[in-house]
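Here's the structure, in structure tokens; my notes come after.
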Amino acid sequence: MARLDVLFLSVLIATISIVASAQNCQYTINVQTGTRKDSGTDSIIGVVLADKDGEYIEIKDLVNWGGTTPGRDYFENGNLDIFTGTERCLPNPVCFMKLSSDNSGNKSGWYAEYVKVTTSKTGSASKTQQFTVAQWLALSELPYQLYAERNNCPSVIKKGAYAYSIA
């Protein structure tokens, strides 16, 4: 019976260690919409954030995930919108970003200037990464696509769904 207790205790300690290592981080995502004519959108905007090893988090709807002002009309011409939410911590700092639009709603085309991501974890210094977008996410404007990928990683992203290499 004592061996069973020791085995149970070992499994319990291992489980607690795994749960503790899966700490959550707070992500603050600033999104600047451009000031070009018809830059704003009512589309659903999402983002994927990844580290240098391809580990990533995906936020499919920034407003529902971390909109901070009820009733605000997000992603309008010239707006700086701030989203805050909690997700699992990535093992390394964010260095890759994929911004996307679902092309829905009134005025579905959108011109994004930049995205700035700040990651905060209890007991650690915050880390910030800014991604210059300067691109339309629209099927009616160049480059005629609903996403923008930006890679600020120091090398090739090695694995994961967002494998990406620097040419």
Given side chains that start at C-beta, do those of Glu141 and Tyr111 come closer than 4.5 Å, heavy atoms only?
-> no
From OG (Ser101) to CD (Gln145), nearest 0.5 Å = 11.5 Å
Any idea which heavy atoms bring Arg88 and Asn24 closest together, and the distance?
-> CA-OD1, 3.4 Å
Are Val117 and Leu62 connected, step by step, through hydrophobic side chains (Ile, Leu, Val, Met, Phe, Trp, Tyr) whose heavy atoms are closer than 4.5 Å?
-> yes
Roughly how far apart are Cys153 SG and Asp51 CG, rounded to 0.5 Å?
-> 7.5 Å
What heavy-atom pair brings Glu113 and Gly34 nearest, and what distance separates the two atoms?
-> CG-CA, 3.5 Å
Using modelled atom types only, decide if a donor and an acceptor are shared between the side chain of Asp53 and the backbone of Glu55 within a distance under 3.5 Å.
-> no
Of Thr28, Leu80, Thr128, Ile29, the residue whose pairing with Lys116 passes side chain to side chain contact (heavy atoms under 4.5 Å, CB included) = Thr128
Hey, are the side chains of Lys127 and Val94 touching, using non-hydrogen atoms and a 4.5 Å cut-off?
-> no
Contact summary for Cys95 and Gln129, nearest pair of heavy atoms | CA-NE2, 4.2 Å
If you round to the nearest 0.5 Å, how far is CG of Leu146 from CD1 of Ile45?
-> 9.0 Å
Does the side chain of Tyr27 reach to within under 4.5 Å of the side chain of Leu90, using non-hydrogen atoms?
-> yes
Check the pair Phe83, Val63 against side chain to side chain contact (heavy atoms under 4.5 Å, CB included), reporting the backbone distance first and the verdict last.
-> CA-CA 7 Å; Phe83 306 94; Val63 173; 4.0 Å; yes
For Ser39 and Trp110, indicate whether the former's side chain and the latter's backbone hold a donor-acceptor pair under 3.5 Å.
-> no
Spell out, as yes or no, whether a donor-acceptor pair under 3.5 Å connects the side chain of Thr41 to the backbone of Lys107.
-> yes
Are Leu49 and Thr119 side-chain neighbours, meaning at least one heavy-atom pair lies under 4.5 Å?
-> no
Only one of Asn151, Val115, Asn152 clears side chain to side chain contact (heavy atoms under 4.5 Å, CB included) with Met97; which?
-> Val115
What is the minimum heavy-atom distance between Ser43 and Ser104, and which atoms define it?
-> OG-O, 2.6 Å
For Asn77 and Lys37, indicate whether the former's side chain and the latter's backbone hold a donor-acceptor pair under 3.5 Å.
-> no
Asp102 side chain near Lys60 side chain, heavy-atom distance below 4.5 Å | no
Which heavy atom in Ala138 sits nearest to a heavy atom in Gly109, and how many Å separate them?
-> CB-CA, 3.6 Å
Distance only, no hydrogens: is a donor on one side chain within 3.5 Å (strictly under) of an acceptor on the other, for Ser108 and Asn103?
-> yes
Measure the shortest side-chain to side-chain distance between Glu76 and Asp42 over non-hydrogen atoms and say whether it is less than 4.5 angstrom.
-> yes
Atom of Thr132, atom of Tyr114 and distance for their closest heavy-atom approach | CA-CB, 4.2 Å
Would you say the side chain of Phe131 lies within less than 4.5 Å of the side chain of Val47, judging by non-hydrogen atoms?
-> no
Is there side-chain contact between Arg150 and Gln135, with heavy atoms separated by less than 4.5 Å?
-> yes
Given the rule that I, L, V, M, F, W and Y join up when any side-chain heavy atoms are under 4.5 Å apart, are Leu99 and Trp136 in one cluster?
-> no
Contact list for residues 63-74, test side-chain hydrogen bond (donor to acceptor under 3.5 Å, both in side chains), sequence neighbours left out | Asp61-Asn64, Trp65-Glu87, Arg72-Asp81
Look at the side chain of Gln32 and the backbone N and O of Asn79, then say whether any donor-acceptor pair between them is shorter than 3.5 Å.
-> yes
